Amino acid sequence: MNIAYVVPSLAAKGPIIVVRDLSELMVTNGHKCTVFYFDDIVEMTFPCPTIRITRKIDFREFDIVHSHGLRPDIYIYKYREWSGRVKYISTVHNYVLQDFRYQYNWFIAQTAGRIWLRMLHRMDRVVALTNDAVKYYTRWLQSCKLIYAYNTRIVEHAKILNKEEKEHIEEFKNESTLIGVNALLTHRKGVDQIIRALPFLPNHKLFIAGDGKVRKELETLAENLEVKDRCYFAGYVKDAYRYMEHYDVYVASSRSEGFGLMLLEAAQYKVPTICSRIPVFEEIFSSEEVAFFELDNISSLVEAIRNVPDGKKMYERYINCYTPQKFYERYLEIYTN
């Protein structure tokens, strides 16, 4: 099978990491892949040719054209051909209107979001990441076009912290219980909730691997709450999952999320994990496998951190549902059908 993936860039961001993992599995299993991208941002390597888009692509040589993101979907909307031999698929990695609401004002969110949804009508198949997301999109798309595929996460356990990184985190942690977060710092990720919980958790510290537009806001919040000395902002870190084995607990505090790759990373390291109670997280893991807290309810978060289950059952769920092999088999089924 000859597959074209179309992505915004080769940046180390969630949807593009998924494409990298998917292309790796496809190539390993004997398929031919090519990744096309727009922006000249290259932070990851792929196991197949990568081509920056500077002209119209002739998609007729491919069996499957699989886009990920708004600009790739716009491109397919404009340039797909209609022979019927090539099949066009989009994976939607978020809840479009919800996600845009956190990035822009209501008007832009509604306008841009509905334009995106309209473009998806030209796809032969639209893949959502969960059953809940499929239900969400049935309001705008034909149910016969919708299908779900759970993500996976390929983690290289041989990659570990270098000496300097290890010394930094161990010195910061000291005798405390270390809460870990690996995330792009936006309002949607909800990291402010964890900082607000720290005054009620005097024996805990927070390590944040990630950067973003609300970092300064979070640093100011930590200073105002007098917990700045218990927050470590590491900034952008390549392969941030390398920190997982050093966390005592992991918190996924998102207010909205397409799937949650960081949960699959935490599961592989058996890190006790706390999740915000949003539908996607409740579908991925149960209350026997992770601890849930109510959004923006700090006492609920504090209670969850104090009573988090160990990570063994979370790991078992990963093995049963989210391994790379299961991910590959699901997408192969979607492509061949």
Side-chain angles (χ1 to χ4, degrees), residues 14-15 17-22 24-25 91-95 127-136 147-159 177-183 189-190 194 209 239-295 300-301 303-334:
I17 291 171
V18 170
V19 175
R20 195 270 309 275
D21 289 351
L22 181 55
E24 183 174 324
L25 291 165
T91 293
V92 186
H93 294 262
N94 57 3
Y95 292 73
V127 183
L129 303 186
T130 61
N131 276 304
D132 182 74
V134 167
K135 293 176 185 176
Y136 174 83
I147 195 166
Y148 79 93
Y150 290 139
N151 277 337
T152 191
R153 184 71 181 93
I154 298 175
V155 167
E156 298 180 51
H157 288 274
K159 287 187 176 181
T177 300
L178 189 62
I179 302 169
V181 172
N182 299 347
K189 293 295 185 179
I194 311 171
D239 299 322
Y241 63 78
R242 295 175 298 126
Y243 282 99
M244 283 289 185
E245 63 180 321
H246 298 275
Y247 298 153
D248 295 305
V249 296
Y250 186 86
V251 178
S253 53
S254 302
R255 295 185 168 95
S256 174
E257 195 71 61
F259 191 80
L261 295 179
M262 64 286 186
L263 294 182
L264 302 188
E265 294 172 354
Q268 291 180 68
Y269 285 93
K270 302 178 185 177
V271 184
T273 299
I274 297 100
C275 298
S276 52
R277 190 178 293 282
I278 57 177
V280 59
F281 288 164
E282 289 186 294
E283 182 174 336
I284 297 171
F285 291 106
S286 73
S287 56
E288 292 184 353
E289 296 150 353
V290 301
F292 288 102
F293 74 95
E294 305 300 328
L295 274 175
S300 173
L301 174 55
E303 185 68 17
I305 291 172
R306 287 173 175 165
N307 295 285
V308 61
D310 65 40
K312 293 178 182 177
K313 288 188 177 180
M314 189 185 187
Y315 176 74
E316 291 172 6
R317 179 68 173 270
Y318 166 80
I319 293 298
N320 290 330
C321 300
Y322 310 122
T323 60
Q325 182 62 26
K326 293 185 181 298
F327 179 64
Y328 166 72
E329 291 171 356
R330 180 60 168 167
Y331 266 106
L332 184 63
E333 178 186 7
I334 292 169

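Because the structure is predicted, anything quoted here is derived from the model rather than measured.
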Residues in side chain to side chain contact (heavy atoms under 4.5 Å, CB included) contact with E294, at least two apart in sequence or another chain:
R277, N297, S300
Taking the basic N atoms (NZ, or NE/NH1/NH2) and the acidic carboxylate oxygens, is any pair closer than 4.0 Å for D21 and R153?
yes
Does any N or O in the side chain of N94 come within less than 3.5 Å of the main-chain N or O of G258, such that one atom is a donor and the other an acceptor?
no
OH of Y243 to OH of Y269, rounded to nearest 0.5 Å, is 12.5 Å
Test: ring-ring contact (aromatic ring centres under 6.0 Å, His included). Region: residues 274-294. Which pairs qualify, not counting sequence neighbours?
F285-Y322
Closest approach of Y148 and L129, non-hydrogen atoms and distance?
CB-C, 4.5 Å
Any chance you could measure M262, atom CE, to S254, atom OG, to the nearest 0.5 Å?
4.0 Å
Might you point out which heavy atoms bring T273 and C275 nearest each other, and give the distance in Å?
CG2-SG, 4.1 Å
Residues N320 and E316: side-chain donor-acceptor under 3.5 angstrom
no
Would you call E329 and K326 a salt bridge, using N to O less than 4.0 angstrom?
no
Look up atom OH in Y247 and atom CG in L178, then write down how far apart they are to the nearest 0.5 Å.
7.0 Å
Restricting to non-hydrogen atoms, name the atom on A304 and the atom on A291 that form the minimum distance, rounded to 0.1 Å.
O-CB, 3.9 Å
Taking T323 for the side chain and T152 for the main chain, is one N or O donor matched with an acceptor at less than 3.5 Å?
no
Nearest 0.5 Å, what's the CG-CG distance between N151 and L263?
11.0 Å
Contact summary for E156 and Y241, nearest pair of heavy atoms
N-OH, 3.4 Å
Hey, does the side chain of D132 reach the backbone of P279 with a donor-acceptor pair shorter than 3.5 angstrom?
no
Let me confirm one number: the OH-CG distance from Y150 to L264, rounded to the nearest 0.5 Å.
11.5 Å
Closest non-hydrogen atom pair between S253 and S276, with its separation:
C-OG, 3.8 Å
Option passing salt bridge (charged side-chain N to carboxylate O under 4.0 Å, His left out) with R317 (candidates E289, E288, E283):
E289
Separation between CG (D310) and NZ (K270), nearest 0.5 Å, reads 9.5 Å
K189 with E257: basic N within carboxylate O range, under 4.0 Å
yes
